Student: 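Quick one: the structure is below, questions incoming.
Just so we're clear, the structure is a prediction, and the values are computed from it rather than from any experiment.
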Amino acid sequence: MNTVAPANEAAAWVSSFSRALQAGDIDTACAHFLEDGYWRDLLAFTWNIKTLEGRDAIRAMLTSNLGSAAPSNWQPKGEAEVKDGLVEAWFTFETAIGRGEGMVRLKDGRARTLFTAMMDLKGFEEKSGPARPLGVRHKADRNRETWSEARRREERELGAAVQPYCVIIGGGQGGIALGARLKQLGVPAVILEKNARAGDSWRRRYRSLVLHDPVWYDHLPYIPFPDHWPVFTPKDKMGDWLEMYAKVMELNYWTESACTSASYDETAKRWTVEVDRAGERVALTPSHLVFATGAYGPPRMVDLRGAADFRGEILHSSQYSDAASFKGRKVAVIGSASSGHDVSVDLWEAGADVTMIQRSPTTVVKSSTLMELGFDTYSEEALAKGITTEMADMMAASMPFGLLPEGQKKLYAEIRERDADFYRQLSASGFAIDFGEDETGQMMKAYRTGSGYYIDVGASELIINGEIKVKSGASIESMTPTGILFDDGSEIEADVVIACTGYQSMHETVAELVSREVADKVGPCWGLGSGVRGDPGPWQGEPRNMWKPTAQEALWFHGGNLALSRFYSKFLALQLKARMEGLETPIYGAPA
């Protein structure tokens, strides 16, 4: 039995590990890990977002990058704790060009997991707190330029007399969060938003849309939601917040601006980005191009045989915004994930006769249950314990993706037992339920395929009560003039068909704007290579292509929900800042 106090055990490990690294003793450093230990690194050692699995992988990375990283000054941070039989301890450290934070989880004195993250660049820190700008020169000056004059000059010159270092395609929460990070680091950036106002990507969605994630999980960088903000944010309120945020953070945000094409000059190391800005053609020549076009790419429309014969209306969920015109009409909703449920509820509230067509089983989890069991570190209770959103983000990031299924299986076993009666009723309604191929539930589906799940905020009760009908267990054979025919011989009548069939990968937007060749070179985004349906191997250990170097030089992807956009925008911004300042960024594990 280990009788060493957790704080002493953690401090001894950190001290011993740091000495081995500083001495360049890679074998000793690797011996600090279990044979199957994990090291997840965000930039500090790899200039990549990379998880190393096992001692051999850790040894290979250190052999390649230890010299350039030159880690030093490792110090314990806070109190060590014992959780699930492991000693958890936070620490700080430095590298040759940055400062970092990390966490180690120890089992029998060796690391089960190690997490390291670069937090800032030496000499290029954000000007905040004690280093915040003064905002005024306390001196009379006939040539004074006021704040508003300086802002107007910046807006007038950037993209004309002065070229941005970075162009961000997409002005939703992802583009805005990244733009804010770059602004604070002094990286000139232009955000391109095709809509007329910041936040319109939310405002233009169906009227009943609200965020399914709680407020503590959804803050943007620098400016958290106020304490009176609702737990679940309505779409128009979210849109207004984004518009306010873009203005207050002084982002160079171009509305009514769509990228029409982009090409990269390998010799000059610059992009040419053609922009339609409110009808005016503008050419930008940034060094880097970021696609922040949402979590995914273009809409994926289902191929419906006989669609030309259908006398009604067929549209994709991306085209759907208002159910008022569907009152009293028979509407078939194809798809049973989040959008399919939300659209079905919106239609039901408007008085439509709704049938949800379920093509495959869906993972459903009650919002109230997930709030209590799955969002324990993002909650009012967590704040009372001193766990801020920033701390919760680091805690979540410290767990390697390879170990997430183990914890999620336990979580969903508890959820299924707790809500057993709910699941019995939902199954009895004809709705097909699953919890993933390996019983790991909603979050792993989100990371692996981004589909096949629903956090219940009201639709399930309507399904159980028969208010929303469900057609499951049969495939669509073809459209008929008056509805949909299934391969079991049954047919349902429909005046309208709404396809909630998801979206393609973000790299398909690259194919549209850059080239098919470049899109195929970088490959799909998201997914972990888990081998489950929709997420083919090989195992990646990290989301494909997101927030890190891609196979196309100077092309990046940024996106995800509000939480992922908030957290990873920091690390993408640090990579861009380092390149702008000419710092050495030796990438370990760069894609071929």
Student: Under the rule for ring pair (Phe, Tyr, Trp, His ring centres under 6.0 Å), what residues qualify as partners of Tyr245, not counting sequence neighbours?
Tutor: none

Student: Search all heavy atoms of Phe225 against all heavy atoms of His219 and return the closest pair with its distance.
Tutor: N-ND1, 2.9 Å

Student: In terms of relative ring orientation, are His316 and Tyr503 parallel, tilted or perpendicular, with 30° and 60° separating the classes?
Tutor: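 Because their plane-to-plane angle is over 60°, the rings of His316 and Tyr503 count as perpendicular.
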
Student: Donor-acceptor check, side chain of Arg544 to backbone of Val522, threshold 3.5 angstrom: yes or no?
Tutor: no

Student: Closest approach of Arg300 and Thr501, non-hydrogen atoms and distance?
Tutor: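 It is O-OG1, 2.6 Å.
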
Student: If you measure from the Lys or Arg side-chain nitrogens to the Asp or Glu carboxylate oxygens, is any gap between Arg281 and Asp276 under 4.0 Å?
Tutor: no

Student: What pairs of residues pass the salt bridge (Lys or Arg N to Asp or Glu O under 4.0 Å) test when at least one of them lies in residues 129-139, not counting sequence neighbours?
Tutor: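 Sorted result for residues 129-139: Arg137-Asp141.
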
Student: Minimum heavy-atom separation for Leu528 to Arg448, with atom names?
Tutor: CD1-CG, 4.3 Å

Student: For residues 161-172, which residue pairs pass the salt bridge (Lys or Arg N to Asp or Glu O under 4.0 Å) check, not counting sequence neighbours?
Tutor: none

Student: Hey, could you give me each pair passing ring-ring contact (aromatic ring centres under 6.0 Å, His included) that has a residue in residues 137-194? Not counting sequence neighbours.
Tutor: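 Those involving residues 137-194 are Tyr165-His288.
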
Student: What's the shortest heavy-atom distance between Gly560 and Ser565, and which atoms?
Tutor: O-OG, 3.3 Å

Student: Sequence neighbours excluded, which residues qualify as side chain to side chain contact (heavy atoms under 4.5 Å, CB included) partners of Ala189?
Tutor: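 Counting only residues at least two positions away or on another chain, Ala189 forms a side chain to side chain contact (heavy atoms under 4.5 Å, CB included) with Cys166, Leu182.
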
Student: For Asn65, enumerate each residue passing the side-chain hydrogen bond (donor to acceptor under 3.5 Å, both in side chains) test, keeping only those at least two apart in sequence or located in another chain.
Tutor: none

Student: Would you say the side chain of Ile169 lies within less than 4.5 Å of the side chain of Leu289, judging by non-hydrogen atoms?
Tutor: yes

Student: Ring-plane angle category for Phe93 and Phe45, please: parallel below 30°, perpendicular beyond 60°, tilted otherwise.
Tutor: tilted

Student: Check side-chain hydrogen bond (donor to acceptor under 3.5 Å, both in side chains) between Gln442 and all other residues, then give those that pass, not counting sequence neighbours.
Tutor: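 By the side-chain hydrogen bond (donor to acceptor under 3.5 Å, both in side chains) rule, Gln442 matches no residue at all.
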
Student: Measure the spacing between OG1 of Thr51 and CH2 of Trp539 and express it to the nearest 0.5 Å.
Tutor: 8.5 Å

Student: Take Tyr253 and Glu155, measure what side-chain hydrogen bond (donor to acceptor under 3.5 Å, both in side chains) needs, and give me the verdict at the end.
Tutor: CA-CA 9 Å; Tyr253 192 94; Glu155 291 170 347; over 6 Å; no

Student: Distance from Trp556 atom CH2 to Leu178 atom CG, nearest 0.5 Å?
Tutor: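 It is 10.5 Å, given to the nearest 0.5 Å.
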
Student: Output all residues satisfying side chain to side chain contact (heavy atoms under 4.5 Å, CB included) with Glu149, sequence neighbours left out; order by chain, then residue number.
Tutor: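 Listed in chain order: Glu145, Thr146, Arg152.
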
Student: Does Lys247 pair with Glu243 as a salt bridge, N-O distance under 4.0 Å?
Tutor: no

Student: Please check if the distance between the ring centroids of Trp216 and Tyr378 is under 6.0 Å.
Tutor: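 For Trp216 and Tyr378, the ring centres are not under 6.0 Å apart.
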
Student: Does anything in residues 156-175 pair up under salt bridge (Lys or Arg N to Asp or Glu O under 4.0 Å), and if so which pairs, sequence neighbours excluded?
Tutor: Arg153-Glu157

Student: Considering residues at least two apart in sequence or located in another chain, which fulfil the salt bridge (Lys or Arg N to Asp or Glu O under 4.0 Å) criterion with Glu154?
Tutor: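 Listed in chain order: Arg151, Lys183.
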
Student: Which of parallel (below 30°), tilted (30 to 60°) and perpendicular (above 60°) describes Tyr320 and Tyr206?
Tutor: tilted

Student: The criterion is salt bridge (Lys or Arg N to Asp or Glu O under 4.0 Å); which residues satisfy it with Glu542, sequence neighbours excluded?
Tutor: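 In terms of salt bridge (Lys or Arg N to Asp or Glu O under 4.0 Å), with neighbours along the sequence ignored, Glu542 is linked to Arg40.
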
Student: Applying the side chain to side chain contact (heavy atoms under 4.5 Å, CB included) test to Val167, which of Leu284, Val275, Thr285 qualifies?
Tutor: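 Passing option: Leu284.
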
Student: Decide, yes or no, whether a salt bridge links Glu508 with Arg516 under the criterion of side-chain N to carboxylate O below 4.0 Å.
Tutor: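 Arg516 and Glu508: salt-bridged.
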
Student: Check the angle between the aromatic planes of Trp271 and Tyr264 and answer parallel, tilted or perpendicular using the 30° and 60° thresholds.
Tutor: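 It falls in the tilted class, 30° to 60°.
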
Student: Does any non-hydrogen side-chain atom of Trp547 lie less than 4.5 Å from one of Leu564?
Tutor: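 Contact flag for Leu564/Trp547 side chains = yes.
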
Student: Evaluate the salt bridge (Lys or Arg N to Asp or Glu O under 4.0 Å) criterion for residues Lys77 and Glu101: first the C-alpha distance (whole Å), next the side-chain angles of each, then the deciding distance (0.1 Å), finally the verdict.
Tutor: CA-CA 9 Å; Lys77 179 184 178 183; Glu101 295 183 11; 3.2 Å; yes

Student: Can you check whether Lys122 reaches Ile97 side chain to side chain, under 4.5 Å on heavy atoms?
Tutor: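 A side-chain contact is absent here, since even the closest heavy-atom pair is not under 4.5 Å.
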
Student: Can you list everything that forms a side chain to side chain contact (heavy atoms under 4.5 Å, CB included) with Met443? Sequence neighbours excluded, please.
Tutor: Leu404, Gln408, Tyr447

Student: May I ask you to decide whether Asp41 forms a salt bridge with Lys50, counting only side-chain N to carboxylate O separations under 4.0 Å?
Tutor: no

Student: When you measure from the centre of the six-membered ring of Trp229, is the NZ or CZ of Lys237 under 6.0 Å away and within 45° of the axis?
Tutor: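 Yes, a cation-pi geometry holds between Lys237 and Trp229.
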
Student: With a 3.5 Å distance limit and no angle check, can you tell me whether Asp535 reaches the backbone of Ser530 through a side-chain donor-acceptor pair?
Tutor: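 Judged by distance alone, yes, a pair lies under 3.5 Å.
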
Student: For a side chain to side chain contact (heavy atoms under 4.5 Å, CB included) with Leu121, tell me which candidate from Met119, Met118, Glu125 qualifies.
Tutor: Met118

Student: Under 3.5 Å, side chain of Arg203 to main-chain N/O of Gly239, donor-acceptor pair present?
Tutor: yes

Student: Side chains of Ile314 and Met301: does their closest heavy-atom pair fall under 4.5 Å?
Tutor: yes

